[in-house]
Amino acid sequence: QVQLVESGGGLVQAGGSLKLSCAASTRTFGSYTMGWFRQAPGKEREFVACISRTFGTTYYTDSVKGRFTISRDNAKNTIYLQMNSLEPEDTAVYYCAGSTRIYWSTSSTSYDYWGQGTQVTVSS
């Protein structure tokens with residue numbers, strides 16, 4: 001069973017930056033495609049970004065392109081989400097997720113392992 005632990009959330013003003021981290025407890029981290037999802041109050045969980053296993057190809061939802069960057073450090077079993085130019089609409093609980101079944105996916109059902117989430121609040 002893989003455990004994922006997010007960190008780095010917090011309160012930031014609009015236009016500011018945050019960097020989220022997600023550490024995984026597995027010796028085969030390189031074989032996992034990893035993703036970030038978020039869920040705002042009263043809304044469904046939505047895809048933010050993912051980074052593939054093997055080649056580290058990245059994908060983003062349109063609303064964060066050019067502002068967010070997903071990356072991974074396989075030596076540290078960790079992925080990151082650098083969030084710049086934050087907007088109040090980015091306020092949500094952010095979850096990391098992992099899967100060995102896919103190369104990439106924007107669907108939450110494709111991911112088998114989930115962290116507990118970290119709150120990001122952007123004030124206007």
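- Criterion: ILVMFWY side-chain heavy atoms under 4.5 Å apart, direct or through other members. Under it, Leu4 and Val120 are part of a common hydrophobic cluster.
- Taking CD from Glu89 and OG from Ser124, the interatomic distance works out to 9.0 Å, rounded to the nearest 0.5 Å.
- Clustering ILVMFWY residues whenever any of their side-chain heavy atoms sit less than 4.5 angstrom apart, transitively, puts Met83 in a cluster other than the one holding Phe37.
- The side chain to side chain donor-acceptor pair (under 3.5 Å) check on Tyr94 picks up Arg38, with sequence neighbours excluded.
- In this structure, the side chain of Thr33 engages the main chain of Ile102 through a donor-acceptor pair within 3.5 Å.
- Phe29 carries Arg72 over the face of its six-membered ring, with the cationic atom under 6.0 Å from the centre and within 45° of the normal.
- Closest approach of Pro88 to Ala14, counting heavy atoms only: CD-CB, 4.1 Å.
- Residues Trp104 and Thr57 are not in side-chain contact: their nearest non-hydrogen atoms beyond the backbone lie 4.5 Å or more apart.
- With sequence neighbours left out, Thr26 forms a side chain to side chain donor-acceptor pair (under 3.5 Å) with Thr28.
- Residues Trp36 and Val93 are members of separate hydrophobic clusters, defined by side-chain heavy-atom contacts under 4.5 angstrom among Ile, Leu, Val, Met, Phe, Trp and Tyr.
- Within the 4.5 Å cutoff, the side chain of Arg27 has no heavy atoms near those of the Asn77 side chain.
- In this structure, a donor-acceptor pair under 3.5 Å is present between the side chains of Tyr103 and Ser52.
- Both Leu81 and Val122 are assigned to one and the same hydrophobic cluster, defined by single-linkage of ILVMFWY side chains at heavy-atom distances under 4.5 Å.
- Contacts of Ser107 classified as side chain to side chain donor-acceptor pair (under 3.5 Å), with partners at least two apart in sequence or in another chain: Thr109.
- The distance from atom OG of Ser99 to atom OH of Tyr32, rounded to the nearest 0.5 Å, is 8.5 Å.
- For Arg53, there are no side chain to side chain donor-acceptor pair (under 3.5 Å) partners two or more places apart in sequence or in a different chain.
- In the displayed structure, Gln82 atom CD is contacted under 6.0 Å by more than 12 heavy atoms of other residues, nucleotides or ligands.
- Taking the six-membered ring for Trp and thresholds of 30 and 60 degrees, Trp114 and Tyr111 have ring planes more than 60 degrees apart, a perpendicular arrangement.
- No side-chain heavy atom of Leu20 sits under 4.5 Å from any side-chain heavy atom of Glu6.
- Here the CG atom belonging to Asn84 is positioned 9.5 Å from the CG atom belonging to Leu18, to the nearest 0.5 angstrom.
- Checked against disulfide bond (SG atoms under 2.5 Å apart), Cys22 has the following partners two or more places apart in sequence or in another chain: Cys96.
- Residues Thr78 and Ser21 share a closest heavy-atom pair of CG2-CB, 4.3 Å.
- Within a 6.0 Å sphere centred on CZ of Arg101, other residues, nucleotides and ligands contribute more than 12 heavy atoms.
- Using a 4.5 Å cut-off between side-chain heavy atoms of Ile, Leu, Val, Met, Phe, Trp and Tyr, with links allowed through other members, Ile70 and Val48 fall into the same hydrophobic cluster.
- Other residues sharing the hydrophobic cluster of Leu11, ordered by chain and number and joined by side-chain separations under 4.5 Å: none, the residue standing alone.
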